[in-house]
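Here is how names work: the chains are called A, B, and so on, in the same order as the sequence lines, proteins then strands, and each is numbered from 1.
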Number of protein chains: 2
Amino acid sequence: MGGETYKSMAGQKDNEVPAIRTLADLARVAGVSTGTVSRALAGKSLVNVETRERIQTLAREHGFRPNQMASKLRSRRTGVIGVVIPLGHELRQHISDPFFLTLVGYLADELTEGGYDLMLSRALPDGTSDWLDRIAGSGMVDGVIVIGQSDQYDLIEAASHSYRPLVVWGQHRAGQNHCVVGTDNAAGGRIAVEHLVASGATSLAFLGDTTGIEIADRLRGATEAATAAGVPIRHIPIPLATDAMGPEIEAAMASQCSGINGVVAASDLVAMAALRCLHQKGMRVPEDVQIVGFDDLPLAAQTSPPLTTIRQEIAAGARAMVERLRALVEKEPATSLVMAPTLVVRQSTRAEG
Amino acid sequence: MGGETYKSMAGQKDNEVPAIRTLADLARVAGVSTGTVSRALAGKSLVNVETRERIQTLAREHGFRPNQMASKLRSRRTGVIGVVIPLGHELRQHISDPFFLTLVGYLADELTEGGYDLMLSRALPDGTSDWLDRIAGSGMVDGVIVIGQSDQYDLIEAASHSYRPLVVWGQHRAGQNHCVVGTDNAAGGRIAVEHLVASGATSLAFLGDTTGIEIADRLRGATEAATAAGVPIRHIPIPLATDAMGPEIEAAMASQCSGINGVVAASDLVAMAALRCLHQKGMRVPEDVQIVGFDDLPLAAQTSPPLTTIRQEIAAGARAMVERLRALVEKEPATSLVMAPTLVVRQSTRAEG
DNA sequence: ATGAAAGCGCTAACAT
DNA sequence: ATGTTAGCGCTTTCAT
């Protein structure tokens with residue numbers, strides 16, 4: 001690591017005042033009962049305005065915070081939502097997918113807004129099949145959001161029968177039980193291919209490993225559209241992990257991509273790697289090869305050239321997930337949502353026509 | 001949003017078996033006392049091996065999970081670490097910085113590994129100055145990690161005097177109290193400039209807003225090195241938010257960058273935007289203009305051309321932060337860590353010489 | 001090795 | 001409007 005180390009005062013004692021730690025302490029100081037303090041701090045209406053303000057002031061002065069564990073235990077409501085990323089088919093056991101991370105960011109916003117806290121876990125499914133139960137049944141959370149089905153679709157589906165407040169980002173399958181929010185991936189694949197064909201591509205490749213069912217659906221849609229248009233398409237299953245991608249893509253490009261003039265990438269990151277690869281081989285984008293990404297992450301607008309891509313509505317998706325979860329927490333029903341992807345044309349493809 | 005909606009069964013009732021919900025329930029079924037069940041489930045040694053296994057099996061069969069709220073309340077240890085991102089000077093009130101998000105990913109790994117759960121909050125400092133106290137004093141967490149000091153350095157420093165288990169990612173200042181882990185940003189700026197000068201740059205620009213003290217230090221280091229080398233350097237304070245960056249950078253480039261042949265970017269994302277901009281203006285990188293990024297995010301290797309950048313050790317930093325926090329939780333002292341940045345040479349700069 | 005009992009700090013009836 | 005009381009479900013002495 002080669003760094004330097006500095007002594008810090010952290011860990012040493014300051015002088016502490018005999019602190020107010022519990023409702024009872026505060027109650028004694030205020031000359032009222034714990035019940036009143038509890039109500040006053042919760043801002044309930046049945047407390048005299050004057051005593052309430054006196055107590056709140058007192059609490060502030062003493063820097064008193066009611067213990068949430070106790071509160072949550074008693075009220076049987078945690079105010080916490082668990083957010084889990086299953087790392088089923090990822091090679092590296094690390095949360096690195098920028099799409100997921102971005103979604104987490106938006107979820108954090110939406111949940112905070114709604115008065116919830118967010119407990120983040122990664123799960124390494126290991127066949128014991130209890131990663132979901134463990135978090136769902138811990139009593140620590142009011143509900144669970146799963147980001148990406150990975151290869152755990154069946155397990156999630158099974159869990160959803162006994163655990164209700166559960167919302168998943170991912171792929172919708174006909175007749176499924178669990179509430180899912182996601183993009184119509186097949187449509188996305190289709191749109192990408194149609195755009196490429198309309199702008200002159202005659203030989204296509206789909207770049208990306210299809211272990212995740214979302215990606216598989218993108219490939220399915222792309223293949224259907226290619227077939228319909230009578231254009232050949234080749235599937236090149238390079239892994240999706242950001243940092244493993246470079247060499248793999250180069251090898252694949254060198255050996256399998258001769259003659260290809262249109263690329264559908266499984267994600268913006270794959271597209272970016274392809275862009276770099278082609279650039280280094282002296283191929284011009286979009287003149288020699290056109291590329292369409294998937295996701296429309298903020299960085300898609302910053303590549304050279306800026307990426308034409310299939311947009312997923314991340315912010316809207318996060319909002320929809322939180323709305324649905326809230327409904328399920330309140331024991332109301334919730335419907336799945338499959339959002340339509342949209343084509344964002346930038347400069348990695350040519351004009352249609 | 002323009003999506004479709006599917007009915008889902010979620011929210012309807014399955015037939016439930018009269019479930020085992022508490023230790024007492026399990027104790028009754030097992031014909032022992034709650035104390036024994038508690039000990040058996042915790043795997044304590046003082047329980048008869050046979051009864052322990054019987055109870056554990058029983059628990060598994062009934063899908064029983066002890067309520068964590070109750071457990072944590074009683075044992076006065078939450079097993080949860082709060083991770084906060086203060087959004088002090090960010091324009092958009094959204095956690096979007098990919099560096100921070102990546103760091104969160106690594107922290108999730110390290111904390112999970114260490115048996116901790118991670119509670120993620122964003123904080124919108126609003127002058128009431130209690131965003132840190134609120135999470136620290138909530139009784140919900142054993143310790144707090146703050147990601148980025150933003151413009152809240154003083155508040156964090158103040159809080160660290162009364163709240164001990166606190167570790168911050170950011171900039172170290174001489175004599176500070178709070179335990180910080182971070183990169184020597186001035187050195188990073190210096191290294192970037194030295195590399196640019198050594199590879200032939202004669203007129204420099206530093207791209208990035210310096211409200212965050214880390215960025216300010218990068219600029220300071222860069223300026224020092226430029227002065228020492230007798231090379232002019234201009235500061236162009238474009239905002240760092242990913243999506244606001246495009247137009248701003250174009251405007252700045254057009255008006256202020258004539259003659260510049262070396263760019264130090266405040267982050268890889270800024271560098272990427274600059275890359276795109278130059279590309280569109282027909283300038284070649286590195287032939288006409290050389291660029292050095294900062295962070296070495298995984299995507300830095302995927303730009304065209306791949307980015308020469310100043311690497312921050314994110315994974316090692318996450319590990320160091322968790323180690324230090326653990327020490328502080330155990331009431332042991334902890335030292336700050338300032339890691340040395342390293343130059344990663346790729347193809348956005350020319351060979352030195 | 002196990003049981004009994006006393007809380008952890010708070011909230012929510014139920015009184016008054 | 002406020003006080004009193006009974007737990008929330010678990011852990012942990014203290015007995016046995």
Side-chain angles (χ1 to χ4, degrees), chain A residues 18-56 58-59 62-80 115 117 134 136-142, chain B residues 18-56 58-59 62-80 115 117 134 136-142:
Chain A
I20 300 258
R21 306 221 55 74
T22 72
L23 277 196
D25 293 344
L26 228 207
R28 197 166 0 83
V29 173
V32 293
S33 75
T34 63
T36 304
V37 175
S38 174
R39 290 181 280 246
L41 260 31
K44 302 248 173 153
S45 50
L46 353 65
V47 203
N48 189 324
V49 171
E50 167 189 303
T51 46
R52 176 171 57 205
E53 289 186 348
R54 190 164 54 83
I55 292 175
Q56 288 182 337
L58 224 41
H62 291 264
F64 170 73
R65 311 257 172 205
N67 181 313
Q68 299 290 0
M69 284 316 185
S71 162
K72 291 168 193 302
L73 171 59
R74 178 59 230 238
S75 59
R76 314 175 117 286
R77 181 197 182 273
T78 71
V80 179
D117 285 313
R134 192 158 47 214
S138 69
M140 283 285 287
V141 299
D142 290 341
Chain B
I20 300 259
R21 306 221 55 74
T22 73
L23 275 196
D25 294 343
L26 228 207
R28 196 166 1 82
V29 173
V32 294
S33 76
T34 64
T36 304
V37 175
S38 173
R39 290 182 278 246
L41 260 32
K44 302 248 171 157
S45 49
L46 354 64
V47 203
N48 189 325
V49 170
E50 167 191 303
T51 46
R52 176 172 59 205
E53 289 184 348
R54 191 163 53 83
I55 291 175
Q56 288 182 340
L58 225 40
H62 291 263
F64 170 73
R65 311 259 170 205
N67 181 311
Q68 300 290 357
M69 265 8 205
S71 161
K72 291 168 194 304
L73 171 60
R74 175 60 228 239
S75 58
R76 316 179 112 284
R77 181 201 182 269
T78 71
V80 179
D117 285 313
R134 193 157 48 215
S138 69
M140 283 286 287
V141 299
D142 290 341

Between atom CG in A/Leu73 and atom P in C/dC8, what is the gap in whole Å? 13 Å
Between C/dG3, D/dT11, C/dA12, spot the one nearest the side chain of A/Ser75, thanks. C/dA12
CZ of B/Arg39 versus P of D/dC14: gap in Å, rounded? 13 Å
Looking only at the side chain of B/Pro66 (C-beta and beyond, no hydrogens), which of the listed nucleotides C/dT2, D/dC10, C/dG3 gets closest? D/dC10
What's the separation between atom CZ in A/Arg39 and atom CG in A/Asn48, rounded to the nearest 0.5 Å? 12.5 Å
Looking only at side-chain atoms of B/Arg74, point me to the closest of D/dT12, C/dA4, D/dT2. D/dT12
At under 4.0 Å, does any side-chain N or O of B/Thr34 touch on OP1 or OP2 of D/dT11? no
Find the distance B/Lys72:NZ to C/dG7:C1' and express it as a whole number of Å. 19 Å
Atom-to-atom span, NZ of A/Lys44 to C1' of C/dA13 - whole angstrom: 11 Å
Between atom CZ in A/Arg54 and atom P in D/dA1, what is the gap in whole Å? 15 Å
Could you state the CG-P distance from B/Leu23 to D/dG7, rounded to the nearest angstrom? 18 Å
Between B/Val47 and B/Ala70, which is nearer to the 5' end of DNA chain C once each is assigned its nearest nucleotide? B/Val47
Within the structure shown, what part of the strands sits under 4.0 Å from A/Thr22 by heavy-atom distance: base, sugar-phosphate, or nothing? sugar-phosphate
Report yes or no: does B/Arg52 contribute a side-chain atom to a donor-acceptor pair with the main-chain N or O of B/Lys44 at less than 3.5 Å? yes
Examine D/dT2: is either OP1 or OP2 under 4.0 Å from a nitrogen or oxygen in the side chain of A/Thr36? Give yes or no. no
Please report the interatomic distance CD1(B/Ile20) to CZ(B/Phe64), rounded to the nearest 0.5 Å. 8.0 Å
It should be established whether A/Thr51 places a side-chain nitrogen or oxygen under 4.0 Å from OP1 or OP2 of nucleotide D/dA1. no
For a quick test of reading the model, state the closest non-hydrogen atom pair linking B/Gly79 to B/Asp142 and the distance between them. N-OD2, 2.8 Å
Backbone of A/Ala30 reached by a side-chain donor or acceptor of A/Arg54 within 3.5 Å: yes
